[in-house]
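So the structure is just underneath, and the comments pick up after that.
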Amino acid sequence: MDWSLGNHYLALAYANQSVPVEEYLGTLKSGDAKLAENAVFNGLLDTFDVMKKYNKGIKDPLAVVLEQTAADVAKGEAAMTFNGNWLITEMQKTSPDGEFGFLPVPVSNNAGDAANESLAIGATKQVFIDKTKATPEQQDAAKKFLDWLVFDAAGQEIMVNKFNVIPAFKNNTTELSNPLAKSLKDYNNAGKSIPFAGNYVPGDHWKVLGASMQKYLVDKVDRPALASEVESYWTSVK
């Protein structure tokens with residue numbers, strides 16, 4: 001899907017550079033970054049090429065949907081899929097007691113590269129209270145709800161084991177029950193994480209460059225053409 005290919009997979013190329021994400025994106029915007037010559041970009045696509053070759057849905061890859069990939073992994077009909085910890089809900093529909101975990105996406109053949117042993121981790125859920133349209137009563141109710149999620153034992157339990165969110169709050173010590181959350185937390189606690197670069201890109205990135213990645217997936221463009229499309233997108237960003 002375009003959101004996964006654009007904001008999750010391709011964004012790994014931004015997160016794994018030798019400079020901070022925002023600094024690297026600045027070089028893309030200025031046109032100074034040359035992706036065709038970039039080792040991380042090429043390494044990431046080398047991995048993508050391997051997944052293309054052994055894709056269970058190789059006959060019609062754009063027809064594959066999230067629910068199908070989750071079920072295939074849960075049943076053992078596929079070894080792995082590219083996704084995040086939110087996939088656990090779908091996987092447990094097929095295998096409620098299955099044991100699953102994360103593997104980093106390699107960008108080189110060097111086992112010691114930080115990128116090859118780290119997961120992209122970041123907040124994928126943000127909550128805001130509207131102060132323009134919402135009434136004072138509605139704003140107060142929203143604050144009470146957020147307090148309940150953060151401080152009440154029932155709210156904490158729901159956040160962790162119903163919403164499957166790994167809480168950022170130290171006071172929430174609810175034990176994680178699903179294996180993907182446990183795996184992700186283990187990486188994070190070990191300091192093996194890189195930024196979730198999808199949080200740094202413009203709102204249309206997933207749609208525009210997700211489509212470019214889809215074209216690469218079905219061999220409608222080659223690697224130099226994909227690099228050119230990515231560069232053209234960034235130099236046009238306002």
Side-chain angles (χ1 to χ4, degrees), residues 1 4-25 27-28 33-58 61 64 69-70 72-74 76-88 91 95 98-124 166 176 178-201 209-210 212-213 216-217 219 222-224 226-227 230-231:
M1 289 162 280
S4 182
L5 292 171
N7 275 17
H8 297 173
Y9 196 88
L10 178 61
L12 290 171
Y14 313 147
N16 282 313
Q17 300 296 330
S18 60
V19 296
V21 175
E22 291 173 298
E23 184 177 339
Y24 185 72
L25 294 183
T27 67
L28 282 168
K34 304 301 179 186
L35 288 175
E37 305 166 7
N38 186 272
V40 172
F41 177 77
N42 282 299
L44 185 66
L45 290 183
D46 286 345
T47 297
F48 194 78
D49 288 347
V50 173
M51 292 195 288
K52 281 172 58 175
K53 180 178 179 180
Y54 296 102
N55 184 7
K56 187 173 184 289
I58 193 170
V64 178
T69 61
D72 286 345
V73 172
E77 294 180 4
M80 63 186 69
T81 186
F82 177 79
N83 228 294
N85 63 306
W86 52 81
L87 195 66
I88 191 63
M91 298 176 79
S95 180
E99 288 297 319
F100 311 104
F102 283 106
L103 291 172
V105 179
V107 297
S108 74
N109 286 323
N110 302 319
D113 285 356
N116 294 341
E117 56 182 21
S118 301
L119 299 183
I121 297 176
T124 57
I166 300 174
L176 300 169
N178 83 71
L180 289 187
K182 291 178 181 178
S183 177
L184 191 151
K185 190 173 183 179
D186 286 344
Y187 276 93
N188 195 46
N189 288 350
K192 295 182 177 181
S193 67
I194 56 174
F196 181 71
N199 286 345
Y200 293 80
V201 301
L209 294 184
S212 297
M213 288 293 293
Y216 185 76
L217 174 63
D219 297 320
D222 59 13
R223 192 176 297 190
L226 174 63
V230 177
E231 292 171 357

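What you are looking at is a predicted structure, and each value in this text was computed from that prediction instead of being measured.
Heavy-atom minimum distance, Ala197 versus Val21: CB-CG1, 4.2 Å. Across all non-hydrogen atoms, the minimal contact from Glu117 to Ala111 is OE1-O, 4.2 Å. When all heavy atoms of Asp49 and Arg223 are compared, the closest pair comes out as OD2-NH2, 2.7 Å. Summarising the geometry of Ala15 relative to Pro195, their closest heavy-atom pair is CB-O, 3.4 Å, with the distance given to 0.1 Å. Minimum heavy-atom separation, Pro179 to Gly98: CG-O, 3.6 Å. Nearest heavy-atom pair across Ile166 and Ala181 is CD1-O, 3.7 Å.
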Stepwise side chain to side chain donor-acceptor pair (under 3.5 Å) test for Asn16 and Tyr24: CA-CA 10 Å; Asn16 282 313; Tyr24 185 72; over 6 Å; no
Check against side-chain contact (heavy atoms from CB on, under 4.5 Å), Lys52 and Leu217: CA-CA 7 Å; Lys52 281 172 58 175; Leu217 174 63; 3.7 Å; yes
Step-by-step ring-ring contact (aromatic ring centres under 6.0 Å, His included) determination, Tyr14 to Tyr200: CA-CA 9 Å; Tyr14 313 147; Tyr200 293 80; 9.7 Å; no
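The backbone N or O of Leu180 sits less than 3.5 Å from a side-chain atom of Asn178, completing a donor-acceptor pair. In this structure a side-chain-to-backbone donor-acceptor pair under 3.5 Å is missing from Asn110 to Asp113. The closest donor-acceptor contact from the side chain of Ser183 to the backbone of Phe102 lies under 3.5 Å. A donor-acceptor pair under 3.5 Å links the side-chain atoms of Asn116 to the main chain of Val107, judged by distance alone. Asn38 places no side-chain N or O within 3.5 Å of a backbone atom of Lys34 that could act as its donor or acceptor partner.
Atom CG in Asn85 sits 12.5 Å away from atom NZ in Lys185 (nearest 0.5 Å). To the nearest 0.5 Å, the span separating CD1 on Ile194 from CD1 on Ile121 amounts to 9.0 Å. Distance check: Leu12 CG to Phe196 CZ gives 9.0 Å after rounding to the nearest 0.5 Å. The distance from the CE atom of Met91 to the CZ atom of Phe100 is 4.0 Å, given to the nearest 0.5 Å. Rounded to the nearest 0.5 Å, atoms CG (Leu226) and CD (Glu231) are 9.5 Å apart. With rounding to the nearest 0.5 angstrom, the CG atom of Leu45 is 6.5 Å from the OH atom of Tyr9.
Around the CG atom of Asn189, the shell of radius 6.0 Å holds more than 12 heavy atoms that belong to other residues, nucleotides or ligands. Within 6.0 Å of the CD atom in Glu22, the count of heavy atoms belonging to other residues, nucleotides or ligands does not exceed 12.
Here the side chains of Leu87 and Thr81 are in contact, with some heavy-atom distance below 4.5 Å. Counting heavy atoms from C-beta on, the side chains of Lys53 and Val50 never come closer than 4.5 Å. Within the 4.5 Å cutoff, the side chain of Lys192 has no heavy atoms near those of the Leu119 side chain. At a threshold of 4.5 Å between non-hydrogen side-chain atoms, the residues Met80 and Val73 do not count as touching. Residues Leu28 and Leu25 meet the side-chain proximity criterion, which asks for heavy atoms closer than 4.5 Å. For the pair Leu10 and Tyr216, the minimum side-chain heavy-atom distance is 4.5 Å or more.
For the side chain to side chain contact (heavy atoms under 4.5 Å, CB included) test, residues two or more places apart in sequence or in another chain that qualify with Val64 are Gln68, Thr69.
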